[in-house]
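If you read the sequence from its start, that first residue is 1, and numbering goes on from there.
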Amino acid sequence: MINRMKPQVIQFLLMLIGLEMIAISINFFYAPQEVAVGGATGIAILLETAFNWNVSIVLLSINMALLILAYFMLERSTTKKIMIGSFVLPLFLAITPQINIVEDRLLAVIVGGAVFAVGISILYRIDASSGGTTVPPLIIKKYFNIKPATSLLIIDGIVCFFNIFVSGSEAFILAIFSLVITYLIMNYIETGLDRKKVLYVMSTEEGLKKLKEDINTTIDRGLTIFDAKGGYSGESKEMLMIIVENQNYQQMLNKVHTIDPNAFIIVYNIAEVHGANLSGIE
């Protein structure tokens, strides 16, 4: 029973960490600079800047309204995932002090975008949500079959646009810039941090034999052999697929060139390898 609870406890802690990182990005970087970067939190920042309304109360109100909408228009399982974030994020915004720790606005949105991206990525990794404007894209997808990423981008763009009327055109440009930073970092995190390289190698029979013998003594490598056929000659050949850590790539490339300077090599960057460690890929 205890062992089964551990993953749930870890996921809950990760969710809290992700939500607190979002709260930090807002209260330390975005709100003090009066830059709204989209979503329900962006709307809350706009209303605080324009009318001095409390960010956490505004966000809670928006989240509750959208949660009710989700209850009637989305599946119960989806609504449950949205519910926790809808309550906890406004709470974290209320207890996290709003401090202007970076005077430069550009630096603030860069750091804020990075922190926000990490927080959101943690939530996505555990299939959790911060609520807010993540709800309308899910409803639009269900009833109109439009991708959530597309509708969410439009919603965030609209929120960013209102920066012009509340905080000026500079805030609008900074908000768009921060959205790009957030997108790039999220994309990098979501596609895997454990980056590696895969080399496809074709050589002479003797060259491949020496290369296989050499690779089998190398640490942190994966080796798979494919049967291939030359498109021009029609001859059957072997092709090696070698997976290496990034730091070992140049060493492996040098080995191949030393054994056969004319070896045909294709190199790809890969995000993650699942199912075995490198030495276990045979």
Side-chain angles (χ1 to χ4, degrees), residues 11-12 14-27 30-31 35-96 98 112-113 115-117 119-163 165-166 175-176 178-179 182-183 186:
Q11 283 199 354
F12 182 71
L14 285 173
M15 184 189 69
L16 295 181
I17 291 171
L19 290 170
E20 177 57 24
M21 292 189 74
I22 295 172
I24 288 172
S25 70
I26 295 166
N27 280 359
Y30 291 135
V35 175
V37 291
T41 53
I43 297 172
I45 291 172
L46 288 173
L47 292 174
E48 182 196 41
T49 304
F51 305 108
N52 201 29
W53 292 0
N54 184 275
V55 171
S56 58
I57 294 176
V58 172
L59 181 60
L60 181 62
S61 302
I62 295 172
N63 283 353
M64 291 307 97
L66 291 174
L67 192 60
I68 293 170
L69 193 65
Y71 178 82
F72 289 106
M73 303 189 72
L74 295 174
E75 290 75 17
R76 296 293 177 267
S77 58
T78 304
T79 305
K80 287 178 181 177
K81 293 177 183 177
I82 297 170
M83 186 182 298
I84 299 176
S86 297
F87 283 104
V88 176
L89 182 56
L91 175 63
F92 281 0
L93 282 170
I95 63 177
T96 302
Q98 193 173 120
V115 175
F116 188 87
I120 290 290
S121 297
I122 291 173
L123 296 181
Y124 282 0
R125 281 277 181 170
I126 59 175
D127 197 24
S129 169
S130 60
T133 52
T134 58
V135 174
L138 295 175
I139 296 173
I140 292 171
K141 179 187 178 183
K142 180 178 179 180
Y143 292 97
F144 301 100
N145 200 30
I146 296 175
K147 292 181 179 180
T150 303
S151 51
L152 184 60
L153 182 62
I154 294 172
I155 293 170
D156 286 343
I158 293 171
V159 175
C160 288
F161 180 73
F162 276 96
N163 278 284
F165 306 102
V166 177
I176 295 296
S178 186
L179 277 180
T182 298
Y183 171 79
M186 282 180 62

Residues Val37, Tyr30; criterion side chain to side chain contact (heavy atoms under 4.5 Å, CB included); working and verdict: CA-CA 8 Å; Val37 291; Tyr30 291 135; 3.5 Å; yes
For Glu20 and Ile24, what are the C-alpha separation, side-chain angles and deciding distance, and is it a side chain to side chain contact (heavy atoms under 4.5 Å, CB included)? CA-CA 6 Å; Glu20 177 57 24; Ile24 288 172; 3.5 Å; yes
Dump the intermediate steps for side chain to side chain contact (heavy atoms under 4.5 Å, CB included) on Lys142 and Leu74, then the final yes or no. CA-CA 8 Å; Lys142 180 178 179 180; Leu74 295 174; 4.2 Å; yes
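Side-chain N or O atoms of Asn163 include one that pairs as donor or acceptor with a backbone N or O of Ala36 at under 3.5 Å. A distance-only check finds a donor-acceptor pair linking the side chain of Asn63 to the backbone of Ser86 [under 3.5 Å]. With hydrogens and angles ignored, the 3.5 Å screen pairs a side-chain donor or acceptor of Thr182 with a backbone N or O of Gly113.
When every heavy atom of Val135 is checked against every heavy atom of Leu66, the shortest pair comes out as CG1-O, 3.6 Å. Scanning both residues, Leu59 and Ala40, for their nearest heavy atoms gives CD1-CB, 3.5 Å. Minimum interatomic distance between Leu14 and Ile122 (heavy atoms only, all atoms of both residues): O-CG2, 3.2 Å. Minimum heavy-atom separation, Ser151 to Ile140: CB-CD1, 3.9 Å. Residues Ala70 and Ile82 come closest through the heavy atom pair CB-CD1, 4.5 Å. Here the shortest heavy-atom pairing between Val115 and Met21 reads CG1-O, 3.3 Å.
Ring geometry for Phe165 versus Phe162: interplanar angle of 30 to 60°, hence tilted.
The side-chain heavy atoms of Ile45 and Val35, taken from C-beta on, include no pair separated by under 4.5 Å. In this structure, the side chains of Met15 and Leu123 come closer than 4.5 Å at one or more pairs of heavy atoms.
Leu67 contributes atom CG, which lies 11.0 Å from atom CD1 of Ile84 (distance to the nearest 0.5 angstrom).
By the neighbour-count criterion of 12 heavy atoms within 6.0 Å, atom OH of Tyr143 is densely surrounded, having more than that number from other residues, nucleotides or ligands.
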